[in-house]
Novice: 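Take a look at the following structure, please.
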Amino acid sequence: MPELPEVEAYRSFAESAALRRRITAVEAPDAWFLKRTTAEELSGALVGRRFVRARRRGKLLLLDTDGDGPVLGLRFGMTGRLVVDGSMAFDTLLYSSALAKPGWDRFALHFGARGRLRMNDPRRLGGIELEPDEEALGPDALSITRSQLVAALERSAAPLKARLLDQAHIAGVGNLIADEALWRAGLSPLRPAGRLTAREVTRLHTQLAATLVDLSVRGGSHTGDLMPERRPGGHCPRDGRPLVRSTVGGRTSWWCPKHQH
DNA sequence: ATTGTGGCCTGCCCGC
DNA sequence: TGCGGGCAGGCCACAA
């Protein structure tokens, strides 16, 4: 499930492997995968150009093209992988087969005869977009400031976790990282987002940043301390209490009833 | 605008 | 051995 750490790895990989190469062809066999665009439009917009920069905002990977070319936006959904010249940024992805079967290639750009950038996505939940609306996303979770976090939470009656998952307010937090950060911060996912104390906001800000850095270093959003216990019968790794499971913000959520309030 | 719900997509895993 | 159901979740459309 690509969350922020995975997409950041894809960005870094694209930056090292896909820039300054001439795009010679667009291969878009799956029209479903193209959002608000077509194979013809993509071909006309991209062939002959080169990527000059790889950026990321939340879970959206952005590839800038040279000249007055467009921005290409890549979304990975839950199972999407980035493959360049046969190499993947991550070899394994939870909830996704370890194999990147060729039949799951949904989109590719050719760099001459041999080079290729591919998106391999078994479940087709990702997609490709030209000129995505970057401003529709909130500040990136990795660099969000405390005051930006306050702004994202204040006056919201939604459950805290639902707000954290709302990409329009904070970009990049997915289900696993939300559970991990709330567990570390000792905050219940059910707390009304706008009712945190100043001290609690500070704790959340600190622990969200620590979670993102930790999981990136460890190798992905499924490497959190809570993760192994995020299952029926699981216990809090901190104090041993049976974890509670319920749906919050439309997502399966696990948290500790003892230390998360 | 806010908040909640359901559906999309498909592979995998479990129980029968 | 095959089959059906449930589940995973990022994102979007839609409702109130």
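In what follows, chains are A, B, ... by sequence order, proteins preceding strands, each numbered from 1. Please read all numbers here as calculations on a predicted model, not as lab measurements.
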Novice: Sort out for me which residue in A:R114, A:R21, A:R116 forms a salt bridge (Lys or Arg N to Asp or Glu O under 4.0 Å) with A:D85.
Specialist: A:R21
Novice: Would a hydrophobic clustering, with Ile, Leu, Val, Met, Phe, Trp and Tyr connected at side-chain separations under 4.5 Å, put A:L61 with A:I23?
Specialist: yes
Novice: State which of B:dC9, B:dT2, B:dG4 makes the closest approach to the side chain of A:A158.
Specialist: B:dG4
Novice: Please figure out whether A:G249 or A:R106 has its closest DNA chain B nucleotide nearer the 5' end.
Specialist: A:G249
Novice: Any donor-acceptor pair under 3.5 Å joining the side chain of A:R251 to the base of C:dG10?
Specialist: yes
Novice: Could you check how far CD of A:E154 sits from C1' of B:dT2, rounded to whole Å?
Specialist: 15 Å
Novice: From the options B:dT2, C:dA8, C:dC11, select the nucleotide whose nearest atom is closest to the side chain of A:K59.
Specialist: C:dC11
Novice: Can you tell me if the side-chain N/O atoms of A:T79 get under 4.0 Å from OP1 or OP2 in C:dA8?
Specialist: no
Novice: Can you tell me how far C1' of C:dC11 sits from CZ of A:R124, to the nearest Å?
Specialist: 15 Å
Novice: Nearest whole angstrom, please: distance from the C1' of B:dC9 to the CG of A:D121.
Specialist: 9 Å
Novice: Please classify the nucleic acid contact of A:G250 as base, sugar-phosphate, or nothing, using heavy-atom distances under 4.0 Å.
Specialist: nothing
Novice: Using whole Å, report how far CG of A:D166 lies from P of C:dA13.
Specialist: 15 Å
Novice: Measure CG/A:D179 against P/C:dG10 and give the value in whole Å, please.
Specialist: 11 Å
Novice: Examine C:dC7: is either OP1 or OP2 under 4.0 Å from a nitrogen or oxygen in the side chain of A:R245? Give yes or no.
Specialist: no
Novice: If you check every side-chain atom of A:W32, which of B:dC8, B:dT10, C:dC12 has the closest atom?
Specialist: B:dC8
Novice: So what does A:P192 touch, heavy atoms closer than 4.0 Å: a base, only the sugar-phosphate, or nothing?
Specialist: nothing
Novice: Are there over 12 heavy-atom neighbours, none belonging to A:R155, within less than 6.0 Å of that residue's CZ?
Specialist: no
Novice: Can you tell which of A:R56, A:R55, A:R57 makes a salt bridge (Lys or Arg N to Asp or Glu O under 4.0 Å) with A:E134?
Specialist: A:R55
Novice: Under 4.0 angstrom, heavy atoms only, what part of the nucleic acid is A:R163 near: base, sugar-phosphate, or nothing?
Specialist: sugar-phosphate
Novice: In terms of side-chain heavy atoms of A:S156, which of C:dA8, C:dG10, B:dT3 is nearest?
Specialist: B:dT3
Novice: For the pair made of CG in A:L4 and P in C:dG10, what is the distance, rounded to whole Å?
Specialist: 12 Å
Novice: With a 4.5 Å cut-off on side-chain heavy atoms, are A:D166 and A:H169 touching?
Specialist: yes
Novice: For A:F33 and B:dC9, give me the distance from atom CZ to atom C1', rounded to whole Å.
Specialist: 11 Å
Novice: Among the candidates C:dG10, B:dG11, B:dT3, find the nucleotide nearest to the side-chain atoms of A:N175.
Specialist: C:dG10
Novice: Counting heavy atoms from C-beta on, name the nucleotide in B:dG11, B:dT3, C:dG10 closest to the side chain of A:A157.
Specialist: B:dT3
Novice: Can you tell me how far P of B:dG4 sits from NE2 of A:H169, to the nearest Å?
Specialist: 13 Å
Novice: Determine whether A:L130 and A:L137 fall in the same hydrophobic cluster, where Ile, Leu, Val, Met, Phe, Trp and Tyr are linked whenever their side-chain heavy atoms lie under 4.5 Å apart.
Specialist: no
